[in-house]
Amino acid sequence: MNNEADRVRRELESLRREIRRHNYLYYALDRPEISDADYDALYRELLRIESAHPELVTPDSPSQRVGFPPLESFQPFEHAVPMLSLENAMEESEVFEFDRRVKKLLGPAEDPAYVAEPKMDGLAVEIVYEGSTLVRAGTRGDGIVGEDVTLNVKTIRSIPWQLFSSPEGQPVPTLLAVRGEVYMDRKDFEALNRSREAAGEPVFANPRNAAAGSLRQLDSSVTAGRPLKAFFYGIGQWEGVDFQSQWEVLERLRQWGLPVNPRSRLCRNIQEAVDFFRILEQERERLPYETDGMVVKVDRLDLQRRLGEKSRSPRWAIAYKFSPHQAESRILDIRVQVGRTGVLTPVAVLEPVNVGGVVVQRATLHNQDEIDRKGILLHDTVRVRRAGDVIPEVFEVVRSRRTGSEQAFRMPPWCPSCGQPVVRLPDESVHRCLNRNCPAQIKGAIWHYASRDAMNIDGLGKKIVSFLVEQGVLRSVADLYRLQPRDIESFPGFGKKSASNLVEAVERSKETTLPRFLYALGIPHVGSHLAQLLAAHLPSIPSVMDAGEAQLTAIPGVGDVVAFSVRTYFANPANRELVLDLLGSGIRFRESSPPAPVLEDFWTGKTVVLSGTLEKMTRQEAIGMLTDRGARVTSSVSGATDILIIGKDPGSKLEKARTLGTQVMEEEEFLARLRGGARPDSDG
Ligand code: IVH
């Protein structure tokens, strides 16, 4: 054999081994040893050598995950052991009932432990390894026969083509059918839909459909281009090894290089499993993938065998489903809240109801137009929805539940806080109180000033602020620095100690940073992120106060809308006086860190214009949400505009956008795009 070819072959083999090892560390153990960039470099090196020596490309090379010749149709895939489904539990009581049934069948001698695993919302597959090599893969189908998707599964990077022999010296099975779920991360799903949309292709309704549609492709090179992942949670047949428990199964699978969900937990009894469910339910929104519940499995395999199965589901497992993100409730009352900017928001007081694991008692009705559009009446039965961090909202009326005693609701003509007349400005869907001395607005401004991302004054909660404003002790944020312990001592529940603690907390807040202070002022549209941008470019208070239009818009991320708002704020003598008053009370600025990177999402770096009346939020809220995500908001459509967001009666800006070919987005889509990566909004 030619020496040179031999050397290259050895080099390729070592590269491939190296890449497989890093796949294992990354996907199965979640413990990468090298950076993504170094991994990519290894992979590119493999491709480079292979393309120079195509005769040395082996079918098991990691480079072959790009796909295989397309098929005419899928072959049937028979499961040697049927893939069962699970019985569902919607309530805690049903899970305890499951535990009672299990114990009754097993007899008093057994006190079974359980394994609790997140229930992945994807597509079930079975993969067969013979002599540790991946030979076949199939979808679940009807549980007996599915479709052969071997080539497609081989393109999924996290699924090994070879089982690793475990470092613990455990033998590798001669035959192993593993079962798991192929899924797509939410973020990957959104990116996929964006690129499909850009290419004029239909979008997928949810990550599960995207995963299923991507796996069931006759051309595996299409699958190879889709960001699929997998978690394994069980086995069909096996030979050459033995397992005692489900927990051991999960451990072995992980050691052999198969990805196993790290959020699985061994529970000594059913109560521990139920407790773990609550944790998962809270974490659910923050997980990168979608889950629809938790699977509880009897841990010991001998006990599983004794329990056996019913026609289609095992007696040893149950799926405990998360409560849906929607629920029905009744509107007990409608109250009108006045925010710190004077906007009046109607809020429904509801019969408490569990929505996706959180008890909801209040939900926003947005404004009068929204109430009219949805036909909401006081005492209606309604459906409530919660999405991510967004405040719960009433989204529809259950008309069939009307009794005839419901009553229409109208926004009050006077501010519920100060009694001054309420106005509705043209081009706005909201009612506003314009009285700058309105107690509700003063309270709102002080809460905002004291809030965590602003001056972070510990212990200055809503109740105490309300009390002090109503007592006339606080008339503006500047009064905070004149607070004396004796002003607070009379507040119910406060004593000398807590009063002096609060005064000390106020004192401590004087040591702050410029961005925090700018944000705390509550300048319309200046959220926490924008405040950091401003401070990074205009590093002192006078320079911000006197900045001109050109100076402001030269800051990346600051459009003319924000610039106008900042200038208007500081043009007002009362505001300038307030700032000087605050500085005079001893506020000092520490060096602040450079602006934190914005949550990168769809909006980051885009130039956006708003036009017409938005229905679900004020213009101010919309601008706050956009700038918080790194978008630049400007007032008129030009060649530099990426997106025009339109509400009701958008007028000439829409025509301009049409002639320029600018992307136009309606409010619905805008909201959906915001939900993607929500960050608490900065303005109210
Ligand atoms: S165990 C006999 N574990 O849920 C045991 N299933 O309704 C059957 N699923 O078809 C499955 N995550 O697609 C199990 N950790 C998990 C799961 C899980 C998701 C899916 C799977 C199955 C369906 C059963």
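Nothing here was measured: the structure is a model prediction, and the numbers come from that model. Order of appearance sets the numbers: ligands from 1, and atoms from 1 within every ligand. Hydrogens, waters and symmetry mates are skipped; everything else that's a heavy atom, side chains included, is used.
Summary of contacts: the protein heavy atom closest to atom 14 (C) of ligand 1 is Y233 CE1, 3.3 Å. Nearest to atom 12 (N) of ligand 1 among the protein's heavy atoms is M120 N, 3.0 Å. Among all non-hydrogen protein atoms, the one lying nearest atom 8 (C) of ligand 1 is L84 O, 3.7 Å. Annotation: atom 5 (C) of ligand 1 to nearest protein heavy atom, L86 CD2, 3.8 Å.
Heavy-atom distances between P314 and ligand 1 reach below 4.0 Å in at least one pair.
Of all the heavy atoms of P118, the ones lying under 4.0 Å from any atom of ligand 1 belong exclusively to the backbone. Contacts with ligand 1 closer than 4.0 Å are made by heavy atoms of both the backbone and the side chain of K119. Looking at V295 against ligand 1, only its side chain comes within 4.0 Å, counting heavy atoms. Residue contacts with ligand 1, taken as heavy atom pairs separated by less than 4.0 Å, do not involve R179 at all. Contacts between K297 and ligand 1 below 4.0 angstrom, taking non-hydrogen atoms only, involve the side chain exclusively.
Checked by atom type, the side-chain pair Q304/Q246 shows no donor-acceptor distance below 3.5 Å. There is a side-chain donor-acceptor pair under 3.5 Å between N261 and Y289. Between the side chains of N23 and Y39, at least one donor-acceptor pair of N or O atoms lies under 3.5 Å. Between the side chains of H22 and E33, no donor-acceptor pair of N or O atoms lies under 3.5 Å. Using modelled atom types and a 3.5 Å distance limit, the side chains of R383 and S329 yield no donor-acceptor pair.
Salt bridge annotation for R186-E190: absent, with no cationic side-chain nitrogen under 4.0 angstrom from a carboxylate oxygen.
You'll find the side chain of M294 stays beyond 4.5 Å of the side chain of K321, heavy atoms only. The side-chain heavy atoms of K374 and E396, taken from C-beta on, include no pair separated by under 4.5 Å. Looking only at side-chain heavy atoms (C-beta outward), L280 and T291 stay at 4.5 Å or farther from each other.
For ligand 1, the atoms closer than 4.0 angstrom to any heavy atom of E117 are 3 (N), 15 (N), 16 (C). Remark: ligand 1 atoms within the under-4.0 Å shell around heavy atoms of R140 are 10 (O).
With atom 20 (C) of ligand 1 as the reference point, the heavy atom nearest to it among M294, E87, K321, E181 is part of E181.
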